[in-house]
Amino acid sequence: MAYSSSSNNLLFFFLAFLLLFLFSTNLVAGESDKVKLNLYYESLCPYSQKFITDGLVKLFESDLHRITYLKLVPFGNAKVSDNLTVTCQHGEEECKLNAIEACAIRTWPNPKMHFWFIRCVEKNTKNWESSCFKTYGGEKAIRDCYSGDLSKKLILGYAKQTLNLKPKKKYVPWVTVNGTPLYDNYDDFVARVCKAYKGKAPLPKLCNSSASAKKKALKLQVSYATEAFHF
């Protein structure tokens with residue numbers, strides 16, 4: 001009798017776990033189902049900064065991240081010489097911050113983790129060290145990455161990704177959804193992500209809001225690669 005009761009309990013817990021697993025997988029999109037949202041940017045471009053701090057943050061302030069895989073690529077309009085020297089559009093400080101943010105991505109591969117650190121840097125690019133490391137940690141790993149050869153390898157990798165884009169990047173911020181550029185309507189990324197999602201999990205609430213579904217896309221400001229470089 002005791003054996004039968006124990007078996008029933010085990011069966012009950014197994015079925016409960018199976019139902020919970022099936023329910024949870026239907027709520028969260030699998031990695032292969034997620035919409036690929038890529039941002040190619042540079043750290044001191046004011047338009048990139050504004051998009052990261054005020055626009056892209058919607059991804060993690062809502063449940064939109066459930067169906068989205070965000071990839072940040074900090075290189076932008078920089079140039080690489082024949083001897084692999086990197087020159088940034090807004091000078092050496094931008095090269096430093098691009099590398100710091102590349103190291104943050106390396107330190108925290110999960111987009112939900114490195115995004116908040118990078119947003120912190122972009123909100124206060126002059127005094128970020130006194131606040132962002134204190135809030136999010138990672139100081140030793142990021143500094144070690146930046147001061148060694150790893151940061152340059154990361155940036156050259158991002159350079160290759162950026163320079164090999166098809167169609168080619170014209171300016172920053174350059175946003176793509178599943179590889180298709182949004183051009184200067186990049187602030188319409190919420191509606192574009194929602195439309196591109198084909199997975200089984202239900203659409204995030206943000207997709208059903210009138211604000212995202214009916215919002216008129218506005219042409220936004222951008223920084224062209226042909227604009228003067230600051231040395």
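Remember, predicted model here, so these are calculated numbers, not experimental data.
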Enquirer: Please give me the minimum heavy-atom distance between Leu163 and Lys168, naming the atom from each residue.
Expert: O-NZ, 3.7 Å
Enquirer: Between Thr68 and Leu64 (side chain of the first, backbone of the second, donor and acceptor by atom type, cut-off under 3.5 Å), is there such a pair?
Expert: yes
Enquirer: Show your reasoning for whether side-chain hydrogen bond (donor to acceptor under 3.5 Å, both in side chains) applies to Lys71 and Gln161.
Expert: CA-CA 11 Å; Lys71 182 175 184 179; Gln161 292 177 37; 2.9 Å; yes
Enquirer: With rounding to the nearest 0.5 Å, note down the distance linking CG in Leu70 to CG in Leu59.
Expert: 6.0 Å
Enquirer: Hey, is the main chain of Glu94 close enough, under 3.5 Å, to the side chain of Ser43 for a donor-acceptor pair?
Expert: yes
Enquirer: Ring-plane angle category for Phe51 and Phe189, please: parallel below 30°, perpendicular beyond 60°, tilted otherwise.
Expert: perpendicular
Enquirer: ring-ring contact (aromatic ring centres under 6.0 Å, His included) with Trp108: which of Trp116, Phe117, Phe115?
Expert: Phe117
Enquirer: Do you know the tightest heavy-atom contact between Ile67 and Pro204?
Expert: CD1-CD, 3.6 Å
Enquirer: Same cluster for Leu156 and Leu150 if Ile/Leu/Val/Met/Phe/Trp/Tyr side chains link at under 4.5 Å?
Expert: no
Enquirer: Between Tyr183, Phe75, Tyr41, which is the residue that forms a ring-ring contact (aromatic ring centres under 6.0 Å, His included) with Trp174?
Expert: Tyr183
Enquirer: Thr87 and Cys95: which non-hydrogen atoms are nearest, and at how many Å?
Expert: C-SG, 4.2 Å
Enquirer: Look up atom CG in Asn124 and atom OG1 in Thr53, then write down how far apart they are to the nearest 0.5 Å.
Expert: 11.5 Å
Enquirer: If you compare all heavy atoms of His114 against all heavy atoms of Pro109, which two are closest, and at what distance to 0.1 Å?
Expert: CE1-O, 3.6 Å
Enquirer: NZ/Lys195 to CZ/Arg192 distance, rounded to the nearest 0.5 angstrom?
Expert: 7.5 Å
Enquirer: Looking at Glu101 and Glu42, would you say the former's side chain and the latter's main chain have a donor-acceptor pair under 3.5 Å?
Expert: no
Enquirer: Specify the closest pair of heavy atoms between Thr125 and Leu97, including all atoms of both residues, with the distance to one decimal.
Expert: CB-CD1, 3.9 Å
Enquirer: Looking at every heavy atom in both Gly76 and Thr162, which two are closest together, and how far apart are they?
Expert: O-CG2, 3.8 Å
Enquirer: Which distance, rounded to the nearest 0.5 Å, do you find between the CG of Asn98 and the CD of Glu93?
Expert: 10.0 Å
Enquirer: Between atom OH of Tyr47 and atom CD of Gln49, what is the distance when rounded to the nearest 0.5 Å?
Expert: 11.0 Å
Enquirer: Are Lys140 and Asp144 ion-paired here, with the side-chain N under 4.0 Å from a carboxylate O?
Expert: yes
Enquirer: Does any part of the side chain of Arg143, heavy atoms only, come nearer than 4.5 Å to the side chain of Phe133, both counted from C-beta?
Expert: yes
Enquirer: Kindly compute the distance separating CD1 (Ile142) from SG (Cys103), expressed to the nearest 0.5 Å.
Expert: 7.5 Å
Enquirer: Would you say that Leu165 contacts Pro181 through its side chain, given a criterion of any heavy-atom pair below 4.5 Å between the two side chains?
Expert: no
